[in-house]
There are 2 protein chains.
Amino acid sequence: MQNSEALGLTAALLAVAGELTQRIHDGVVARGFEGRPAYGFAFTRLAPDGATVTELARHLGVTKQGASQLVEELVAKGYVERRPHPRDARARLVVLTERGWACTRAAEEVAAEVVEGWSGALGGEAEVRALREQLARIAPYGPIRPAW
Amino acid sequence: MQNSEALGLTAALLAVAGELTQRIHDGVVARGFEGRPAYGFAFTRLAPDGATVTELARHLGVTKQGASQLVEELVAKGYVERRPHPRDARARLVVLTERGWACTRAAEEVAAEVVEGWSGALGGEAEVRALREQLARIAPYGPIRPAW
DNA sequence: AGAAGATGGTCAAGCAGCTTGACTATACCT
DNA sequence: AGGTATAGTCAAGCTGCTTGACCATCTTCT
């Protein structure tokens, strides 16, 4: 393995990931949802049954104070609401509102459009599926939020 | 194309990109270079012949003031130096120092190690090359710095 | 050549999004 | 019951970026 090979892969990976995030964000905004990419990362943890602030913090790789502030923003914009936790009176369950679900569906649609475009460059949908499977094999667990 | 397919690909892509950046950063730090991931994105533009602050700003997708502050940091830590531009007295050429090159080589080594590990998960180096080629096909030009 | 605008770079101030620190309320363990 | 761990919030501070203003130099037009 030559080092330059690894750097080329790194560059391509970051370029594609950045492009994808940017285009999903732009598309969601174009459909009338204001926000920033961090919202989407949060939504993937809040769907389908909600989560506590602490769980969300771990998912995003930030402190619980940081996650709490993000939730406050999401509440103010109507994407989520805080409910009492059914089993733990200390905790509060953060769940998506209908508008939050609509935003999530919009993000899915945009992602599907972008990936659709990749089918052309790669030769077909089978190649896209293969790409996803390869990436899934090397994907770690842990926080989804990119750390840079 | 189902939407969930696209979301799965998105999640895998971001997870892999985040993991890769994190591990390169950790590895570089472990080899005695202090910094943050943005340094690496800058180095890819400064190598091999240097660049102006404005060029760097475009590469990173930030304002020239932001790029200028980053360069100031890099100068303070000994990774780059500012030189007069050979053809334009307004501009200054930012070039890597020997320590900057050493840091770049360290990053290459770490990236190669990480990618080496992927060979096992994917089945071999041929699969890694195939992955890189597929990503290169859908990678955009434009700024490398992820925008979130 | 001279004037007018474009471009490279920096200084200064402001802000968003995160952090650390301190605190309260509730849960769990013995 | 008492002691410790955990969920969450409030407050203050910091980092890395932004916008705005400015000067020096290059380029273009007349």
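First the proteins, then the strands, lettered A, B, ... as listed; each starts at 1.
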Send over the distance from [X] [atom1] to [N] [atom2], rounded to a whole Å.
X	N	atom1	atom2	result
B/Y39	D/dG16	OH	C1'	11 Å
B/H59	C/dG8	NE2	C1'	19 Å
B/L56	C/dT10	CG	P	11 Å
B/K77	D/dT15	NZ	C1'	12 Å
B/E72	C/dA12	CD	C1'	15 Å
A/H85	C/dA27	NE2	P	11 Å

Can you tell which of [options] lies closest to the side chain of [X]?
X	options	result
A/A91	D/dA7, D/dC10, D/dG20	D/dA7
A/V53	D/dG20, D/dG8, C/dT26	D/dG8
A/R90	D/dT18, D/dT9, D/dT6	D/dT6
B/A89	C/dG17, D/dA5, D/dC26	D/dC26

task = Nearest-nucleotide wise, let me know which of B/E73 and B/K64 is further upstream toward the 5' end of DNA chain D.
result = B/E73
query = So which one's nearest nucleotide on DNA chain D is more toward 5', A/D88 or B/Q69?
reply = A/D88
Reckon [X] has a side-chain N or O less than 4.0 Å from the OP1 or OP2 of [N]?
X	N	answer
A/T54	D/dT6	no
A/S68	D/dT9	yes
B/R36	D/dC17	yes
B/R92	C/dT10	yes
A/R82	D/dT9	yes

message = Let me spell it out: for each of B/T52 and A/L70, pick the nucleotide of DNA chain C with the closest heavy atom. Which residue's pick is nearer the 5' end?
response = B/T52
ask   = If you look at every heavy atom in B/F41 and B/H59, which pair is closest and at what distance?
value = O-NE2, 3.2 Å
query = Which heavy atom of A/F43 sits nearest a heavy atom of A/C103, and at what distance?
reply = CE1-SG, 3.7 Å
ask   = NA contact type, A/T63, heavy-atom cut-off 4.0 Å: base, sugar-phosphate, or nothing?
value = base
ask   = So, does the side chain of B/Q65 form a donor-acceptor pair with the base of D/dG16 at under 3.5 Å?
value = no
Spacing of A/T54 atom OG1 and A/R90 atom CZ [to the nearest 0.5 Å] = 9.0 Å
Sidechain-backbone polar pair: B/S68 side chain, B/K64 backbone, donor-acceptor under 3.5 Å = no
Salt-bridge contact A/R82-A/E72 (side-chain N to carboxylate O under 4.0 Å) = yes
